[in-house]
Amino acid sequence: MTIEFDAAVFRTPNAPSTIERVSIASTPPPGDVLVRMRASGLCHSDLHAILGEWDVPTPMILGHEGAGIVESVGEGVTTLAPGDHVVLSWTPSCRRCRYCVSGRPVLCDMVSQHSANPLSFDGRSRITAADGADVLSFAGLGTFGQYVMVPESGAIAIRKDAPFEQSALIGCAVTTGVGAAVNTAKVRPSDTVLVIGCGGVGLNAIQGARLVGAKQVIAADISDEKLDQARVFGATEVINSGREDLAAKVAQCTDGRGVEVAIEAIGLPQTIEAAYAVLARGGTAVVAGQVANGVTITIDPFVMSDQELSLIGSNYGSSKPDIDFPVLVEHYMHNRIDLDSLVTRVIDLADINDAFDEMKRGIGIRSVIKY
């Protein structure tokens with residue numbers, strides 16, 4: 001038997017997605033779970049595909065940041081049951097390779113093959129269009145529809161009293177940003193942290209640095225509105241890098257020393273290079289932003305070795321979703337992190353194209369689809 005439902009189907013770059021009737025099997029195959037979506041955030045990574053900056057096959061249901069309720073489970077699933085509330089992870093892991101057992105599941109052998117794969121682990125699509133054609137799922141999820149079918153490790157159970165609209169954001173922006181500060185950079189209370197870019201990921205990097213008690217958190221952006229938001233999330237100083245020289249202002253804020261940690265949360269070559277350029281001796285620059293295809297940067301390797309600088313990447317906040325998702329929910333429920341202020345617009349699925357137009361214009365932080 002199959003379930004018919006509505007989904008926003010992406011077919012052509014720089015064109016609106018269309019709301020279409022699609023179908024999915026009501027009984028998951030072994031190892032999979034069927035989740036009825038309750039909320040999905042709109043992320044800039046989805047916009048990369050819409051703008052053609054990332055080459056993705058079509059037709060595809062975009063979306064990779066979501067929360068819902070387990071509808072049914074396939075044979076062999078032991079950690080989830082129907083009725084569980086879950087946050088979806090776009091890095092479902094095998095839980096047994098050397099990366100998983102050493103505590104780095106986002107680098108899992110299975111993830112490296114399937115993280116950006118629009119098909120399931122068995123190489124097949126789970127969604128069918130009205131004409132019988134396969135419909136692909138962005139990052140193996142496709143949360144811009146009312147149902148998803150994911151591997152067991154792609155759905156993480158959370159407490160049932162947490163609101164779906166806020167919990168959905170833990171599936172990408174919150175984990176990526178908070179994790180970049182806490183897990184990847186390992187920010188210490190004595191550190192001064194610079195966050196470049198105050199969108200969803202950057203604001204969460206700011207509150208991640210605040211969560212661990214960073215001495216000073218500097219936010220940089222070209223939007224005064226976003227810098228005002230950065231203060232709400234914990235920035236102690238702000239820099240409008242569209243009007244002010246970033247390096248000079250960072251030097252002024254740090255008595256000429258530079259920052260111990262710089263987190264780039266945009267995904268542009270010039271801002272990645274700028275993050276690296278303002279490090280104190282022994283400092284670390286973290287690339288958390290996602291760049292367009294083919295982007296490269298230039299750094300001076302002599303300075304890197306001479307000053308013992310580090311330039312590292314952060315995939316999904318170097319997270320352990322099984323552990324980190326429920327912990328982040330607890331932080332929210334006990335007012336240690338702010339997820340309410342991230343949700344600036346709640347929309348219906350039919351409003352998705354309008355919400356992406358607002359994202360292009362830099363309006364708001366996160367639009368969330370409520371199903």
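Start at 1 with the first residue, then count along the sequence.
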inquiry  = One pair to check against side-chain hydrogen bond (donor to acceptor under 3.5 Å, both in side chains): Gln207 and Asp338. What are the steps and the verdict?
reply    = CA-CA 8 Å; Gln207 66 176 344; Asp338 179 4; over 6 Å; no
note = Correct closest heavy-atom pair for Pro13 and Ala49 would be CB-O, 4.4 Å
key: Whether Thr175 side chain and Gly171 backbone form a donor-acceptor pair below 3.5 Å   = no
message = My understanding is that a hydrophobic cluster links ILVMFWY residues whose side chain heavy atoms are under 4.5 Å apart, including indirect links. Using that, what else belongs to the cluster containing Leu309?
response = Leu194, Ile196, Ile218, Ile239, Leu246, Val250, Val259, Ile266, Leu268, Ile272, Tyr276, Val278, Leu279, Val287, Val291, Val295, Ile297, Ile299, Val303, Met304, Leu311
message = For Ile222, I'd like to know if atom CD1 has over 12 heavy atoms of other residues, nucleotides or ligands within 6.0 Å.
response = no
query = For Ile369, which of Thr143, Leu42, Asp348, Asp351 qualifies under side chain to side chain contact (heavy atoms under 4.5 Å, CB included)?
reply = Leu42
query = What residues form a side-chain contact (heavy atoms from CB on, under 4.5 Å) with Arg281, not counting sequence neighbours?
reply = Gln307
request  = Decide side-chain hydrogen bond (donor to acceptor under 3.5 Å, both in side chains) for Asn240 and Asp221; before the verdict, give the C-alpha distance in whole Å, the side-chain angles of both, and the deciding distance to 0.1 Å.
outcome  = CA-CA 5 Å; Asn240 187 313; Asp221 203 286; over 6 Å; no
ask   = Counting only heavy atoms not in Arg96, do more than 12 sit closer than 6.0 Å to its CZ atom?
value = no
task = For residues Val150 and Leu34, determine if any side-chain heavy atom of one lies less than 4.5 Å from a side-chain heavy atom of the other.
result = no
message = Evaluate Ser23 against Glu4 for side-chain hydrogen bond (donor to acceptor under 3.5 Å, both in side chains), listing each step before the verdict.
response = CA-CA 4 Å; Ser23 61; Glu4 291 189 353; over 6 Å; no
key: Any side-chain heavy-atom pair of Val286 and Ile312 under 4.5 Å   = yes
request  = Under the side-chain contact (heavy atoms from CB on, under 4.5 Å) rule, collect the residues that match up with Ala25, sequence neighbours excluded.
outcome  = Met149
message = Would you compute the distance between atom SG of Cys108 and atom CZ of Arg98 and round it to the nearest 0.5 angstrom?
response = 11.5 Å
ask   = How about Arg361: does its CZ atom have over 12 heavy atoms from other parts shown lying under 6.0 Å from it?
value = yes
task = Determine, stepwise, if the pair Ser40 / Tyr371 fulfils side-chain contact (heavy atoms from CB on, under 4.5 Å).
result = CA-CA 8 Å; Ser40 175; Tyr371 294 106; 4.1 Å; yes
key: Pairwise distance SG(Cys97) to CZ(Arg95) - rounded to 0.5 angstrom   = 12.0 Å
request  = Mark yes when over 12 heavy atoms from residues, nucleotides or ligands other than Arg345 sit less than 6.0 Å from its CZ; otherwise mark no.
outcome  = yes
query = Taking the side chain as C-beta and beyond, is there a heavy-atom pair between Phe233 and Ser341 under 4.5 Å?
reply = yes
message = Strictly by side-chain hydrogen bond (donor to acceptor under 3.5 Å, both in side chains), give each pair with a member in residues 49-78 just once, sequence neighbours left out.
response = Asp46-His64, His48-Glu53, Glu65-Arg366
inquiry  = Is there a path of hydrophobic side-chain contacts, each under 4.5 Å between heavy atoms of I/L/V/M/F/W/Y residues, joining Phe164 to Phe144?
reply    = no
task = Evaluate the ring pair (Phe, Tyr, Trp, His ring centres under 6.0 Å) criterion for residues Tyr316 and Trp90: first the C-alpha distance (whole Å), next the side-chain angles of each, then the deciding distance (0.1 Å), finally the verdict.
result = CA-CA 9 Å; Tyr316 217 173; Trp90 44 264; 3.9 Å; yes
message = Hydrophobic clusters here meaning ILVMFWY residues chained together by side-chain heavy-atom distances under 4.5 Å, can you tell me if Val238 and Val232 are in one?
response = no
request  = Output, in order, the C-alpha distance, side-chain angles, deciding distance and verdict of side-chain hydrogen bond (donor to acceptor under 3.5 Å, both in side chains) for Ser223 and Glu225.
outcome  = CA-CA 5 Å; Ser223 164; Glu225 179 185 359; 4.8 Å; no
query = Side chains of Ile61 and Phe10: closer than 4.5 Å at any heavy-atom pair?
reply = no
query = Between Glu152 and Gly76, what is the shortest heavy-atom contact and its length?
reply = OE1-O, 4.1 Å
query = Can you tell if the side chain of Glu273 reaches within under 4.5 Å of the side chain of Thr298, non-hydrogen atoms only?
reply = yes
ask   = Looking only at heavy atoms, what is the nearest atom pair of Gly66 and Met37, with distance?
value = CA-CE, 3.7 Å
query = Going by heavy atoms in the side chains, are Arg257 and Thr192 under 4.5 Å from each other?
reply = yes
inquiry  = Do Arg38 and Ile69 have side chains that approach each other closer than 4.5 Å (heavy atoms only, starting at C-beta)?
reply    = yes
query = Excluding sequence neighbours, so at least two apart, what forms side-chain contact (heavy atoms from CB on, under 4.5 Å) with Ala265?
reply = Val201
ask   = Who pairs with Asp228 by salt bridge (charged side-chain N to carboxylate O under 4.0 Å, His left out), at least two apart in sequence or on another chain?
value = none
query = Under 4.5 Å between any side-chain heavy atoms of Leu227 and Cys198, yes or no?
reply = yes
query = CD/Glu358 to CG/Asn353 distance, rounded to the nearest 0.5 angstrom?
reply = 12.0 Å
ask   = Can you find a side-chain donor-acceptor pair between Glu264 and Thr271 that sits under 3.5 Å?
value = yes
ask   = Is it the case that more than 12 heavy atoms not belonging to Arg188 sit under 6.0 Å from its CZ atom?
value = no
